[in-house]
Protein chains: 2
Amino acid sequence: MAKQQKTAITPTRSDDFPEWYQQVIKSADMAENSETRGCMVIKPWGYGIWENIQSQLDAKFKATGHQNAYFPLLIPLSYLEKEAEHAEGFATECAVVTHHRLEAEKDENGKTKMVPTGKLTEPYVIRPTSETIIGAAFSRWIESYRDLPLLVNQWANVMRWEMRPRLFLRTAEFLWQEGHTAHETRDEALVETKLIHKLYEDFLRDHLAIPVVPGEKTEAERFPGAENTFTVEAMVQDKKAIQAGTSHYLGQNFAKAQNIVFTGREGKQEHVHTTSWGVSTRLIGTLIMAHSDDDGLVLPPAVATHQIVIIPVTPKADSRDAVLDSCNALAEILRNKCYKGSPIRVHVDQREIGGGTKKWEWVKKGAPIRIEIGPRDVEGGKVCLQRRDQAVMEKNFVVREEFIQQVPDILQEIHNTLLDKATELRDTNIAECSDLAEFEKHWDQDQPGWLLTPWNATREQEEELSKRLKITIRCMPLDKQEEAEASCILTGKPTTQRALWGRSY
Amino acid sequence: MAKQQKTAITPTRSDDFPEWYQQVIKSADMAENSETRGCMVIKPWGYGIWENIQSQLDAKFKATGHQNAYFPLLIPLSYLEKEAEHAEGFATECAVVTHHRLEAEKDENGKTKMVPTGKLTEPYVIRPTSETIIGAAFSRWIESYRDLPLLVNQWANVMRWEMRPRLFLRTAEFLWQEGHTAHETRDEALVETKLIHKLYEDFLRDHLAIPVVPGEKTEAERFPGAENTFTVEAMVQDKKAIQAGTSHYLGQNFAKAQNIVFTGREGKQEHVHTTSWGVSTRLIGTLIMAHSDDDGLVLPPAVATHQIVIIPVTPKADSRDAVLDSCNALAEILRNKCYKGSPIRVHVDQREIGGGTKKWEWVKKGAPIRIEIGPRDVEGGKVCLQRRDQAVMEKNFVVREEFIQQVPDILQEIHNTLLDKATELRDTNIAECSDLAEFEKHWDQDQPGWLLTPWNATREQEEELSKRLKITIRCMPLDKQEEAEASCILTGKPTTQRALWGRSY
């Protein structure tokens, strides 16, 4: 048996992928479970990633004409009841507020306990998503076609009572943005839905280094109440799929349920067409599973909490000050440079702990660039450059001035390395399949890739097949709906459409 | 009777201050009530102000070593019970989650209704503040003195069931930041508490143009569970006080209740000393009441959603394109300039509606600078400058290039005008008083100012006086605690301390 290399994370990806994921998060000190069922605490290193995702996406929303607003956390139960399909879709996972005060009571042992009192005549639900409460506002705000389009976004927490929570990927409370827009016509609303779908695809590729498959959900997988749901599906290293973002055309369903009407150009009262779309802290789980390795987190530079960590190497007391000054001076210079339009985020780690411990900590935290500077480097005008996309022990001594010049390019190179690897993973693990027996057998494998099949069967047939093989249609990929005519893998009927199947988180 | 000038807001401040406040918010399209009891919808023009407050304060927190994190919305009831004074302080205003799903039921008329089901064994409270849940995390994170100080901040929504809500100033749900820190010693924790207190004072003065009175709360007015509460008190135009931000030294109270211990430098187990501090969307209510006038909102430039609104004046079709191009070109140039470290926020209002309507809309929304550009201005290289701190009808034709150069100074001048006015209001409406009869009579006036009195009576005496006269001690002002010895206005006992009394929102 070959000698196994020691890794910073135990178990490795190949030994136990789900447990490896938990350990990467723990070693990087990103998040942890709390005593609130299914809810996590997002620690500074994890929250920093979210802040970067948030500010970068927000700029894109604003550049496309959207404005932020804020709507109530609590939704009156009666609002939820209005759109039946929507209510049914979320009923099993709603946290319900029924009381509005507490009173102290003595229990049987004489201990004081707080008990709920002040029962509400109408309970409230903590928003699982805000179509209904934002729709109510839209119905007040919109009077004529001149008020359209109305393009609103909200950054908020939402709650869906999850039975099997997993840090970042599936938590009872999560942070997200939810866009909600209203339009005069179906066409305009569909343009908006697709614009955002494309924005998500670009953002995942250019900021998170994740190449997605963009496509449309089938009826069985649609958002409750939507006419069309567009999705971006990411493949992670165990070849499972993660639905990373969705954009919905809601037709006039919510407009009719909530009476969102406007006086049209011809003077007639009409219902608006609405859309909604969102991405969440799930993106953080996605990027962990997409890029990290057996030594821990690997962060795409655009969203890394710190992009560069500078580690002073101070073996001798008499050169310590010179080294620290050199490190802090370099940090200041780098902070005045930009990568993807934002100032570079640099941290100088001055803690007095062992150099090896420190180095490995930043490896496990996935800092894209580590720079070591010792007394000889200060004298020689060099820095020791270490990149998270290269082997941990690899060191490159580079001229300090050249490094300063090249730093945005190096960050972009690291981004490209991650994106190339993720693209290769995706492309080598999607196969076409038109034979049902072969298709069924495929899913017996450990970590099966995705399969693209000719498909035009019914919703019921899809649901039966999905349930039996524990798979789902991730999407009908956008660029695969006008293929050469082939026989549907299930029904044999001719079709130009293709469905992409996989297992998912 | 003198002829009354027509104002954009009815009623005026002097006619009915509270109703004027509501109308300013409505005319500026900042926020509105929702059907969720006591909760508001913050509309884009209001939310933009919050985004600016948030990013500017956040930079200050980070510059002083604080990191953001995120903790669960729902707090287990048992957490709240641990610190008795704290639990008691918030018990009457807690929203309680008791169920985690809904089920469809038919009511007596055969209509489907959703009813709560899935009763929780332990209810949760929606955070009214997060000391208890963050304390639980701190007790997991802190092991030794090397983990201290721990400096964390959270941007979040919180909920306190308010019986008499008022937009921005007092809403059941509000947005805020809450800082939570843990330290080795009392002294270090007090330094932190005062650092933030000063940071708030500076921020209100330099960003919101509000000169506060910084001081310490008396025991009766302290945060439930705190040892010391420091406050910044703002005077608004009806001479009432608004507690705009607070910073608490919590002693070891929460540390003991939640077992937050560390191994000290001598190897002994000790309890940490904690602090907490926060400001909220209440700041928006404060700035409205501090600066706005009978024509509507007046925004301090640093936090204005748009700082400059450019209005194209296009009387003739053939010069329309040239005017629009000129406006958009000017906007681009201005967006590349900075005010207080951020790019200037410029909006070009191209809507095809009447010029008068448009102008008044921006007056009511409080945009600090309005620029009109017509065909003759384009030819003459001029712009028509109108400032919100000057009379609405005042117009200044200035050379375009000079305006571009001077714009940061003009914004700062507007800031200074607002700050000077607010400072004058504050300083002319705080009087010293050492005679009890005079003191008691003072509060019979309409819109009484604040009174500074020698004070060293007991908590009970303070509470009796407060209740009887419907006033409170806003604070013991920091710079008035070592005054010449005088007789306490109530007890006659000698004291060097002064209390500042007022009515408040």
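Every chain is numbered from 1 and lettered A, B, ... according to where its sequence line falls, protein lines coming before strand lines.
Ring planes of A/Trp141 and A/Phe71: tilted class, angle from 30 to 60°. In this structure, B/His66 and B/Phe61 have perpendicular ring planes: the angle between them is above 60°, well past the 30° mark.
A/Glu332 and A/Arg335 are joined by a salt bridge, as a carboxylate oxygen and a charged side-chain nitrogen come within less than 4.0 angstrom of each other.
Options A/Ser34, A/Pro72, A/Ser78, A/Cys39 differ in how many heavy-atom pairs under 4.5 Å they form with chain B, and the most are formed by A/Pro72. Contacts with chain B were tallied for A/Ile126, A/Thr305, A/Asn157; A/Asn157 has the most, counting heavy-atom pairs under 4.5 Å. Heavy-atom pairs under 4.5 Å with chain B peak, among A/Gln67, A/Lys113, A/His100, at A/His100.
Residue contact with chain A, scored on non-hydrogen atoms closer than 4.5 Å, involves the side chain of B/Glu32 exclusively. When heavy atoms are compared at a cutoff of 4.5 Å, B/Arg146 does not approach chain A at all. For B/Met159, the part lying under 4.5 angstrom from a heavy atom of chain A is the side chain only. Contacts of B/Met163 with chain A are made by side-chain atoms alone, with heavy-atom separations under 4.5 Å and no backbone atom involved. Contact of B/Lys119 with chain A is not made at all, since no heavy-atom distance falls under 4.5 Å. For chain A, no part of B/Ile134 is nearby; none of its heavy atoms comes within less than 4.5 Å. Using a 4.5 Å cut-off between heavy atoms, B/Leu77 touches chain A through its side chain atoms alone.
Between the side chain of A/Gln307 and the backbone N or O of A/Arg345, at least one donor-acceptor pair lies under 3.5 Å. In this structure, A/Glu103 contributes its side chain and A/Pro116 its backbone to no donor-acceptor pair below 3.5 Å. Checking side-chain atoms of B/Glu81 against main-chain N and O of A/Met114 turns up a donor-acceptor pair under 3.5 Å. In this structure, the side chain of B/Arg160 engages the main chain of B/Pro128 through a donor-acceptor pair within 3.5 Å.
By the side chain to side chain donor-acceptor pair (under 3.5 Å) test, A/His180 is found to be paired with A/Glu178, residues two or more places apart in sequence or in another chain being considered. Residues satisfying the side chain to side chain donor-acceptor pair (under 3.5 Å) test with B/Gln350, not counting sequence neighbours, are B/Asn328.
For the 3.5 Å distance criterion, the side chains of A/Tyr79 and B/Glu35 qualify, holding a donor opposite an acceptor.
Contact annotation for residues 42-59 of chain B against chain A (heavy-atom separation below 4.5 Å, listed by residue number): B/Ile42, B/Lys43, B/Pro44, B/Tyr47, B/Glu51, B/Asp58. At a heavy-atom separation below 4.5 angstrom, chain B is approached by A/Ala87, A/Ala91, A/Thr92, A/Glu93, A/Cys94, A/Ala95, A/Val96, A/Val97, A/Thr98, A/His99 within residues 85-99 of chain A.
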>> Checking B/Arg351 against B/Glu361 for the salt bridge (charged side-chain N to carboxylate O under 4.0 Å, His left out) test, could you report, in this order, the C-alpha distance in whole Å, the side-chain angles of both residues, the deciding distance, and whether it holds?
In response: CA-CA 12 Å; B/Arg351 290 173 304 163; B/Glu361 196 176 289; 2.8 Å; yes
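At most 12 heavy atoms of other shown residues, nucleotides or ligands fall within 6.0 angstrom of atom NZ in A/Lys26.
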